[in-house]
Number of protein chains: 2
Amino acid sequence: MTSHTELDQHTFEHNHNQCVSLALDTAQQLCNERGVQLTTIRFQVLSLIWESHKAVKAYELLDRLRPLQAAAKPATIYRALDFLIEQGLIHRVESLNAFVGCRSSGQQHEQLLLICKLCEQVDERAATDVMTALLEELQQAGFMAHSKAIEIHGICANCSSK
Amino acid sequence: MTSHTELDQHTFEHNHNQCVSLALDTAQQLCNERGVQLTTIRFQVLSLIWESHKAVKAYELLDRLRPLQAAAKPATIYRALDFLIEQGLIHRVESLNAFVGCRSSGQQHEQLLLICKLCEQVDERAATDVMTALLEELQQAGFMAHSKAIEIHGICANCSSK
DNA sequence: AACTAATTGTTATATTATTACATCAGAACT
DNA sequence: AGTTCTGATGTAATAATATAACAATTAGTT
């Protein structure tokens, strides 16, 4: 018996277990290399986020963390999220006040986020051409960028083909 | 005696009064054309937003509206903001949960927002090349975009030259 | 063992936003 | 003029998101 969430993940016909393993292993390895601690709580929060490719709300994470960490409070979640964001392991989706796993933690973290209004899944794209044009634009404007958020809302390819 | 806010506006050496007049006149005209009502409250909120080129928080607007509208409550502000956003007269800055006037209300509304961490001013850029590359990327991804938020945080040209 | 820095526990509170229902004002109609 | 409809606003309550401050604990270092 497969949960709805699992089904959602399979619509893109990827092996989600493998997808998660890769993300968690990579996260662990990056933290080791960087000498920062992927503690139990942080790992659990990251795992919860990776349960789907949808953006998750902080308080929803809190509810789902509580069975594992009875003492969990808002600060518990927000601290874990802060850490994961700092380490580039997750994206904060600004336009949703929500969070989603980052598939390219090791490499460049600044990406296009494509947010589907139907299935709610968030896709990341490196979008090299867009980024190049963006850098050029920023250069022209004399603007020194520290962070970039590019979030597109709409209907994903999978959903529009249905 | 000039207020700090006014000084900020002059750092880009533009006539802010003229800048505001243009925005408000255009807003009024667009609303007329569209047969929607730019009511007193909505106009006041729009004016407050245009007092600077910084992104303003909803509750700050509320405080500043109250002298003009004693009965103003959160819903008052959020309704006005919803209207102004719908009409493309302001931008919601997702990464700040704040609002800023839109200088190109009549034309395309989806733009690059450059948000300075020092002076806090928000600059809009049509960034045609970026948008073209973005459309191409979305096309490739088969993603039907409904809305786009591109927000860059950093240091603006004016501030870095100081 | 003692010290230090990082992490977590805990409480309280701040900030941002929405919902629901009542009231009001103006336009359109009879 | 009265009636009805619609859109806008008044009002109260509450939901949802996020942070601050300080205490306690844990992990690494000396």
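Naming convention: chains lettered A, B, ... in sequence-line order (proteins, then strands); numbering from 1 in each chain. Everything numeric in this text was worked out from a predicted model, so none of it was measured.
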Open item on the list: Applying side chain to side chain contact (heavy atoms under 4.5 Å, CB included) to A:Phe83 and A:Val36, what does each step give before you reach the verdict?
Closed with: CA-CA 10 Å; A:Phe83 172 86; A:Val36 296; 3.9 Å; yes
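Regarding B:Phe43, its CZ atom lies at a distance of 14 Å from the P atom of D:dT9, rounded to whole Å. The distance from atom OH of A:Tyr78 to atom C1' of D:dA21 is 18 Å, rounded to the nearest whole Å. If you measure from atom NZ of B:Lys73 to atom C1' of D:dT11, you get 6 Å, rounded to the nearest angstrom. Atom CZ in B:Arg34 sits roughly 18 Å away from atom C1' in D:dG7 (whole-Å rounding). Between the CD atom of A:Glu94 and the P atom of D:dA18 there is a distance of 9 Å, rounded to whole Å. Going from atom CD1 of B:Ile41 over to atom P of D:dT11 covers 11 Å, rounded to whole Å. Atom CG of A:Asn32 is separated from atom P of D:dG28 by 11 Å (rounded to the nearest Å).
Between the side chain of B:Arg125 and the backbone N or O of B:Leu114 there is no donor-acceptor pair closer than 3.5 Å.
When the nearest nucleotides of DNA chain C are assigned to A:Gln37 and A:Asn97 by heavy-atom distance, the more 5′-ward of the two goes with A:Gln37. Along DNA chain D, the nucleotide nearest A:Glu60 and the nucleotide nearest B:Thr40 are compared for position; the residue whose nucleotide lies closer to the 5' end is B:Thr40. Residue order along DNA chain D, read from the 5' end via each residue's closest nucleotide, puts B:Pro74 first among A:Pro74 and B:Pro74.
Rounded to the nearest 0.5 angstrom, B:Ser95 OG and A:Asn97 CG are separated by 10.5 Å.
Phosphate contact (OP1/OP2 of D:dA16, side-chain N/O of A:Tyr59, threshold under 4.0 Å): absent.
Bracketed by its first and final contacts, the part of DNA chain C lying under 4.0 Å from non-hydrogen atoms of chain B reaches from C:dT16 to C:dA20 in 5' to 3' order.
Of the residues in residues 82-92 of chain A, none lies under 4.0 Å from DNA chain C by heavy-atom distance.
Ring planes of A:His16 and A:Trp50: tilted class, angle from 30 to 60°.
When A:Glu94, A:Glu110, A:Glu137 are each tested for a salt bridge (charged side-chain N to carboxylate O under 4.0 Å, His left out) with A:Lys148, only one passes: A:Glu110.
Minimum interatomic distance between B:Cys116 and B:Cys156 (heavy atoms only, all atoms of both residues): SG-N, 3.3 Å. Heavy atoms only, all atoms of each residue included: A:Val100 and A:Ile49 are closest at C-CG2, 3.8 Å. Listed here is the closest heavy atom pair of A:Pro74 and A:Tyr59: CG-OH, 3.4 Å.
Neither side chain, A:Thr76 nor A:Gln69, offers a donor N or O lying under 3.5 Å from an acceptor on the other.
Heavy atoms of B:Arg79 sit under 4.0 angstrom from at least one base atom.
Closest to the side chain of B:Ala75, out of D:dT19, D:dA12, D:dT9, is D:dA12.
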